[in-house]
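Here the structure comes first, spelled out in structure tokens, and everything after it is commentary.
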Protein chains: 2
Amino acid sequence: MAVSIWLRPERTGRGPSPAFDRGRIAAAGVALADADGLAAVTMRAVADSLGAAPASLYRYVATRDELLELMVDQVNGEVSYDGLGAGDWLEDLLALAREARERYRAHPWLLDGIEAKIPLGPRATDFLEHALAACAAASVEPETAIEAVAVMLALVGALTRAELGRRAIGLTDSERRQAKSEYAAQIVKAGDHPHVAAALASRATGKATDPDAQFDRVVTRVLIGLLGGR
Amino acid sequence: MAVSIWLRPERTGRGPSPAFDRGRIAAAGVALADADGLAAVTMRAVADSLGAAPASLYRYVATRDELLELMVDQVNGEVSYDGLGAGDWLEDLLALAREARERYRAHPWLLDGIEAKIPLGPRATDFLEHALAACAAASVEPETAIEAVAVMLALVGALTRAELGRRAIGLTDSERRQAKSEYAAQIVKAGDHPHVAAALASRATGKATDPDAQFDRVVTRVLIGLLGGR
DNA sequence: GGCTACTGCGAACGACGATCGCAGTTGTGG
DNA sequence: CCACAACTGCGATCGTCGTTCGCAGTAGCC
């Protein structure tokens with residue numbers, strides 16, 4: 001029941017043919033989430049956008065959580081694995097990391113922490129397979145490889161979140177604006193947090209670093225640190 | 001209004017003295033979340049556990065999201081910064097990482113992704129201050145330091161999540177049990193995902209690795225990779 | 001051609017977050 | 001000393017949500 005992503009009871013042929021399928025429902029949910037965030041994905045809204053009644057969805061999806069699982073699996077199907085296996089393992093992993101970041105950019109609601117509480121779907125297994133294949137070329141133990149992939153994915157999420165400004169490690173944009181006339185500014189300037197203040201100042205005055213270059217650099221260093229090489 | 005963690009309108013003295021304070025409400029929310037997960041933290045449940053009516057909470061907290069902000073800030077106050085600054089920067093950062101992991105262990109609902117969509121609270125700023133102070137001893141630019149701290153925190157979350165088995169990068173425990181007789185097993189054994197199958201097999205047969213040693217090793221390697229040294 | 005297993009769905013339930021206004025309480029100013 | 005103002009907790013209620021139940025209709029099977 002919890003693994004319902006994988007399988008559905010097969011049709012006996014009896015009765016009217018279904019009006020939709022799980023793929024279309026998931027796609028409708030993804031469209032709503034892309035437009036107005038994860039909170040906009042209500043059963044009624046999805047049903048509306050499909051021209052159906054709210055109760056009809058439950059013929060295809062057991063619960064809203066399962067719909068979210070299908071949505072995550074759906075966007076995992078957008079990942080491309082072209083050009084892998086030609087270069088060295090580091091290039092392959094970096095390409096996979098870029099692909100994962102593109103997925104976060106296209107569907108920022110993935111950053112809301114849904115993936116963490118959703119079982120690994122079929123398309124996520126595809127990603128894992130390719131990532132482990134790349135690690136195998138680095139000739140490390142499987143446990144080390146799984147570890148490295150997990151770290152890489154967490155890393156991509158954190159970096160993309162920072163890039164999208166949804167929550168910088170410093171302050172949110174809107175907050176940074178408010179902070180000047182708020183208690184936050186007092187705390188920072190009071191000297192309780194000199195390093196934070198310095199970091200905020202340097203970030204304000206510093207030249208804008210290229211996010212793509214930063215991404216590649218950090219991911220590469222972490223992967224080399226974990227898998228050795230070079 | 002969004003930065004209400006930092007400040008509240010001061011009392012004029014007029015009227016009856018409040019029956020509670022934001023700290024007690026946050027503590028009640030933390031207790032509920034610790035016991036039954038984040039979903040159990042409803043305004044009514046928190047009010048009940050305080051012996052108050054649901055509507056009364058809104059005298060202290062503007063919205064449920066603000067209550068969650070207070071809860072996160074509350075548990076951030078449990079972090080200890082003792083013994084820092086004595087050794088080298090790597091030891092300090094590792095100690096902070098261990099402290100962060102302890103926080104996740106004590107309050108697993110932090111892994112549900114709340115932190116990501118909550119503005120940086122006062123106690124989180126304290127943590128950031130200590131972490132940046134440690135990075136300063138490594139003599140790196142502030143931007144690199146912020147980056148490294150963000151990566152470290154994402155890393156701690158990912159590792160702790162894996163350790164708690166809430167979602168291993170492989171499969172959930174309950175799922176791994178079901179998978180044997182489910183479609184998942186078919187996929188793995190069908191040969192579509194040989195590396196995933198190998199990793200699962202090696203994990204099943206492999207000796208149990210010490211999570212603490214693994215944690216220290218991974219965090220150390222990543223930090224060295226990001227901040228240089230050694 | 002009836003039986004059966006399906007379909008979509010109207011109506012409803014319970015729980016939730018949030019609001020409004022009222023009764024009670026406390027300090028303050030005249 | 002007392003009326004007013006500024007607070008308090010909170011009962012009642014609203015709108016929305018996820019989900020369930022049962023019914024009417026439909027298509028294949030024996």
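No hydrogens, no waters, no symmetry mates; every other heavy atom, side chains included, goes into these values. Just so we're on the same page: letters track the sequence lines, and every chain starts at 1.
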>> In this structure, how many angstroms lie between the P atom of dC10(D) and the CG atom of D48(B), rounded?
In response: 11 Å

>> Return whichever of S17(B) or R64(B) has its heavy-atom-nearest nucleotide of DNA chain C closer to the 5' end.
In response: R64(B)

>> Please classify the nucleic acid contact of A19(A) as base, sugar-phosphate, or nothing, using heavy-atom distances under 4.0 Å.
In response: sugar-phosphate

> Heavy atoms, side chains only, cut-off 4.5 Å: are R64(B) and L68(B) in contact?
Replying inline: yes

> R14(A) CZ to dA5(C) C1': how many Å, rounded?
Replying inline: 5 Å

> Taking only side-chain nitrogens and oxygens of T63(A), does any of them come within less than 4.0 Å of OP1 or OP2 of dT19(D)?
Replying inline: yes

>> Between E69(A) and R22(A) (salt bridge meaning N to carboxylate O under 4.0 Å), is one present in this structure?
In response: no

> To the nearest angstrom, how far is Y58(B) atom OH from dG17(C) atom P?
Replying inline: 6 Å

> What is the nucleic acid contact for P54(B), judged by heavy atoms within less than 4.0 Å: base, sugar-phosphate only, or nothing?
Replying inline: nothing

> Can you check the D21(A) CG to dC6(C) C1' distance for me, whole Å?
Replying inline: 17 Å

>> Once side-chain hydrogen bond (donor to acceptor under 3.5 Å, both in side chains) is applied, do any residues pair with D36(A), and if so which ones, sequence neighbours excluded?
In response: none

>> Checking contacts here: which listed nucleotide (dT8(D), dG11(D), dC21(D)) is nearest the side-chain heavy atoms of P18(B)?
In response: dT8(D)

> Which whole-number value in Å describes the distance from R22(A) CZ to dT7(C) P?
Replying inline: 12 Å

> Is the backbone N or O of G23(A) less than 3.5 Å from a side-chain atom of D21(A), with the two atoms forming a donor-acceptor pair by type?
Replying inline: yes

> Taking the side chain of P16(A) as its heavy atoms from C-beta onward, which of dT26(D), dG10(C), dT8(D) lies nearest to it?
Replying inline: dT26(D)

> Just by distance, do the side chain of R161(A) and the backbone of L111(A) share a donor-acceptor pair under 3.5 Å?
Replying inline: yes

> To the nearest Å, how far apart are F20(A) CZ and dT7(C) C1'?
Replying inline: 11 Å

> Do you know which of V79(B), D73(B), L128(B) makes side-chain contact (heavy atoms from CB on, under 4.5 Å) with R123(B)?
Replying inline: D73(B)

> Quick one: R59(B) CZ to dG11(D) C1', roughly how many Å, whole number?
Replying inline: 13 Å

> Is E99(A) reaching over with its side chain to a backbone N or O of S80(A), donor-acceptor style, under 3.5 angstrom?
Replying inline: yes

> Which of residues 39-46 of chain A have a heavy atom under 4.0 Å from DNA chain D?
Replying inline: V41(A), T42(A), M43(A), R44(A)

> Tell me: CG of D65(A) to C1' of dG18(D), nearest whole Å?
Replying inline: 10 Å

